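Presented below is the structure to which this report refers.
Here is how names work: the chains are called A, B, and so on, in the same order as the sequence lines, proteins then strands, and each is numbered from 1. Keep in mind the model is a prediction, meaning the values are calculated, not measured.
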There are 2 protein chains.
Amino acid sequence: MNSINRLGIVGGIHGNELIGVYLVRKFQKYPHLINRNSFKSLALLGNPKAISARTRYIDVDLNRCFIGDNSPATKSSIYEELSYEELRAKEIQAILKSEDQEFVDVIIDLHTTTANMGICIIIGNIHPFLLSLAAYLNTINPLVKVYIHQQARNSGFLRSLCQLGFSIEVGAVAQGTLDGELFKQTENLVYAVLDYFEDFNKGEIPLIQNSFTVYRSSGVVNYPRNEDGDLAAMIHPQLQFRDYQPLNSGDPLFLTFEGKEICYEGESTVHPIFINEAAYYEKGVAMYLTQKELIHI
Amino acid sequence: MNSINRLGIVGGIHGNELIGVYLVRKFQKYPHLINRNSFKSLALLGNPKAISARTRYIDVDLNRCFIGDNSPATKSSIYEELSYEELRAKEIQAILKSEDQEFVDVIIDLHTTTANMGICIIIGNIHPFLLSLAAYLNTINPLVKVYIHQQARNSGFLRSLCQLGFSIEVGAVAQGTLDGELFKQTENLVYAVLDYFEDFNKGEIPLIQNSFTVYRSSGVVNYPRNEDGDLAAMIHPQLQFRDYQPLNSGDPLFLTFEGKEICYEGESTVHPIFINEAAYYEKGVAMYLTQKELIHI
């Protein structure tokens, strides 16, 4: 990586995550906010139909449709069988290329969550440049959390389309709503990222701490289900909104509708995140488990 | 009102308000929880299709479709033109009648909101019995808020179908999620209501305070909009989650995406509620304004 030349900022990949939607609209209206002397930025709405419909997606989750150029579908007859989001993913991949077919160097994918994730960046690819960026963001604002969830290239996530792709995930915010405080914090984080790239391009790498905390994905917990597959329990009130906090064996995890506690039985301490994310009910995810680690760079 | 004989408890009128959905499923599984010696209760899911689709409604808001028997539609040809929710409203009205066509005496309609409404009962019809019930609930739990939003009979709201219809509105909870603490509080409030009716039927009217606070609807505030009708501002961070708190002239109301504050300019103190309710974005409601009053009964 010699320099960052073009960058894509995408909001509204999920149509009911409004902070990204309205930030992108702001950036489209005032492009000077996201352009810098040494690079150009493109601000793009991910799922316009879902945004209009105030829903996460129309047919399928768009953020599982970015499979790069591996897709076999090229003939129009096959295109017709694709869902709206599969087609939109192809459109976005095309939009993120320049006239000479060069893909953007960086993708920033803006999301919100109903979990109490605060301000978090999600890295799917442990690239030294992304780790340096994460360290920088965590240096200037220690509240910025770093979540490492490794994904193969072209695994379906927008951020997996390029080496320097990552997501910004903020919460807790209800689907379909804006939160003024989190809007401002997300906006400021985007500017900090852009300033870092500008400094990098100029050869002025900012001073950063040489170690910082990351949360590394280590597993997933589904909801307890009854014989019909329906929910049998809720997130335990003592766990609700306690993302990133240590969970030890014997700590309450769920509360059944009958009022019975279900506790964590793992042997090692874990740090759950995405606790009670609305969109994950249908995916069978009550929370992700992570290992808290100090990374040295 | 001599006695309560039959009562309907409805959850999931909005398919993504899960506390009501799972409470009703619990009541259907364990009917002894909601039946009492002196009356029978019926627990009913409002909008099964929307519940399956994890969305508020399929075609239109079901809780604006309860127009009683005033509807002109009786012929099947007209029925075919009705939306799913208009048809479902008719079904629910039929289900709430007994075999001898007597309508339930009471409707309890369970809702959640993304606003910080706490535990609130909404009365659309100032019936002395409902006021006594509200006073009782507020006596045994002073955190129970009482909101009076007068509606004509058969005005479209489920609760408007009978004189003793009211809603329980709890929040803040994100659409599409459960909250264990608010689930328990809602459940306990339902039991308190049922116990009150049982006492009433036995002629044992519980001791209650003779005055209590209500919030009476006095207006509505829409979001600032741009020339295209789209949002131009968000709820101001200083107002977010501050439902029921006094708002005075000059207090911040909105924050534009450019960062400009928009303040309340009314002359009298108001107490906003339903601040930043997700479902009201499309209805043009940023919040309802209320007058805080002490009611003597």
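- A heavy-atom distance below 4.5 Å is not found between the side chains of B:E181 and A:Q240.
- Your options are B:T177, B:N16, B:L239, and the one with the most heavy-atom pairs under 4.5 Å with chain A is B:T177.
- Taking the side chain as every heavy atom from C-beta outward, A:L18 and B:M234 never approach each other to under 4.5 Å.
- By the neighbour-count criterion of 12 heavy atoms within 6.0 Å, atom NZ of A:K260 is sparsely surrounded, having that number or fewer from other residues, nucleotides or ligands.
- Proximity to chain B is limited to the side chain of A:D230, based on heavy atoms less than 4.5 angstrom apart.
- By number of non-hydrogen pairs under 4.5 angstrom with chain B, the leading residue of A:L255, A:L231, A:V173 is A:L231.
- Residues B:P237 and A:G180 approach most closely at CG-C, 3.8 Å, considering heavy atoms.
- Neither the backbone nor the side chain of B:R56 has a heavy atom closer than 4.5 Å to any heavy atom of chain A.
- Within a 6.0 Å sphere centred on NZ of A:K26, other residues, nucleotides and ligands contribute more than 12 heavy atoms.
- Across B:E187, B:E277, B:R25, the residue that shares the most heavy-atom pairs under 4.5 angstrom with chain A is B:R25.
- The number of heavy atoms from other shown groups lying within 6.0 Å of CD (A:E91) is above 12.
- Ranked by heavy-atom pairs under 4.5 Å with chain B, the list A:F241, A:F254, A:Y22, A:Y280 is led by A:Y22.
- Contacts between B:Q238 and chain A at a heavy-atom distance below 4.5 Å are absent for every atom of the residue.
- The shortest non-hydrogen separation linking B:L178 to A:N276 is O-ND2, 2.6 Å.
- With A:Y30 contributing its side chain and B:E258 its backbone, the two residues share no donor-acceptor pair below 3.5 Å.
- Chosen from A:R54, A:K184, A:K29, A:H236, the residue pairing most often with chain B at heavy-atom distances under 4.5 Å is A:R54.
- Using cut-offs of 30° and 60° on the angle between ring planes, the pair A:F257 and B:F183 is tilted.
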